[in-house]
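From a predicted model like this one, the values you see are computed outputs, not experimental measurements.
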Amino acid sequence: MTTQPRRLTPGDRRRQILDTARQLLDVKHLGKITVEEAARLAGVSPGLVFHYFGSQIGFRRALAEEAARELLAQMKPDPALSHVDQLRGGLERFIEWVEEHPRLYVAVASNGNPDAREVHDTILNTVSSWIIGIAADMDVNVTSRIELAVSGWIAFTEKVAQNWLADPRLTRDELADLCEKTLYQGLQVVLDDPREWRRVKDALDVTPEP
């Protein structure tokens, strides 16, 4: 007696389509992936893909969200580490992920890509909130100047990573050093208080209370 294959639930089918199409992002840019191509690889009809995602834009946005989840999972700070190790570790994992998945990174980091613009904004806001949260945990008075400096540093790091992908003359460690030092130097300038900066430098080595 043969066992009939289990019929996929709508959620499982949607996940199957996304998982299959996600693999395309390692070899193609997001804007060149079509519903028809994804349907063919998943073994379903284009109509079913449209049923789950609404439109080509909706489908590509869902793919961008998948890439964003991967990236944010890599960068998420580990609260068991010191503040400095949280920041450095996030940077190193970000650079490693970008190098291993360059097209995936471009899919979520391009402001010019209408299929991923809102997803990109979500990434920027999430990373900013992590860094601001670390600053607040060190009892830094998070002013508008600091918030602007952090958002500017994130934009700087993104641009540096994109340029590095095109011309990787630095090692991963050298790139991480550049981005890390730029963050701390920027915060030092914004704080504009040598005694407060010394206190913050000492607090960076402290592991947060659980």
What is the minimum heavy-atom distance between [X] and [Y], and which atoms define it?
| X | Y | answer |
| --- | --- | --- |
| V119 | E65 | CG2-CG, 3.6 Å |
| A80 | T207 | O-CG2, 3.4 Å |
| R60 | G31 | NH2-O, 2.9 Å |
| A42 | Q16 | O-NE2, 3.2 Å |
| P46 | V35 | O-CG1, 3.8 Å |
| E37 | K32 | OE1-O, 4.0 Å |

Check the pair I95, D173 against side chain to side chain contact (heavy atoms under 4.5 Å, CB included), reporting the backbone distance first and the verdict last. CA-CA 9 Å; I95 292 168; D173 282 344; over 6 Å; no
Min side-chain heavy-atom separation [X]-[Y] under 4.5 Å:
| X | Y | result |
| --- | --- | --- |
| M75 | L71 | yes |
| D85 | D78 | no |
| D26 | R103 | no |
| L204 | L87 | yes |
| S45 | L48 | yes |
| L72 | V127 | yes |
| L187 | V200 | no |

Derivation of the side chain to side chain contact (heavy atoms under 4.5 Å, CB included) call for R199 and V140: CA-CA 9 Å; R199 186 192 69 77; V140 172; 4.2 Å; yes
Going from [atom1] on [X] to [atom2] on [Y], what distance comes out if it is rounded to the nearest 0.5 angstrom?
| X | Y | atom1 | atom2 | result |
| --- | --- | --- | --- | --- |
| L63 | I33 | CG | CD1 | 5.5 Å |
| T182 | Q185 | OG1 | CD | 6.0 Å |
| Q23 | L41 | CD | CG | 8.0 Å |
| L191 | R198 | CG | CZ | 12.5 Å |
| L183 | I154 | CG | CD1 | 9.0 Å |
| D193 | Q188 | CG | CD | 10.5 Å |

Could you work out, with salt bridge (Lys or Arg N to Asp or Glu O under 4.0 Å) as the rule, every residue matching R69, not counting sequence neighbours? E66
Take atom NZ of K76 as the centre, draw a 6.0 Å sphere, and report whether it contains more than 12 heavy atoms from other residues, nucleotides or ligands. no
Please identify each residue that fulfils ring-ring contact (aromatic ring centres under 6.0 Å, His included) with H83, with sequence neighbours left out. none
W164: ring-ring contact (aromatic ring centres under 6.0 Å, His included) partners, not counting sequence neighbours: none
Looking only at side-chain N and O atoms, does H120 offer a donor or acceptor that is under 3.5 Å from a partner on E158? yes
Under 3.5 Å, is there a donor-acceptor pair linking the side chains of N125 and S128? no
Residues 47-67 vs ring pair (Phe, Tyr, Trp, His ring centres under 6.0 Å), sequence neighbours excluded, gives F53-F59
Linking I/L/V/M/F/W/Y whenever their side-chain heavy atoms sit closer than 4.5 Å, directly or via other members, would [X] and [Y] fall into one cluster?
| X | Y | value |
| --- | --- | --- |
| V189 | I131 | no |
| L148 | V142 | no |
| I123 | I132 | yes |

Among residues at least two apart in sequence or on other chains, which ones pass side chain to side chain contact (heavy atoms under 4.5 Å, CB included) with V160? F156, L175, L178, C179
For the pair W197 and Y184, name the ring-plane relationship: parallel under 30°, tilted 30 to 60°, perpendicular over 60°. tilted
Between E99 and R172, is there a salt bridge with N-O shorter than 4.0 Å? yes
Does any pair with a residue in residues 174-191 pass salt bridge (charged side-chain N to carboxylate O under 4.0 Å, His left out), and if so which ones, sequence neighbours excluded? R88-D177, R88-E180
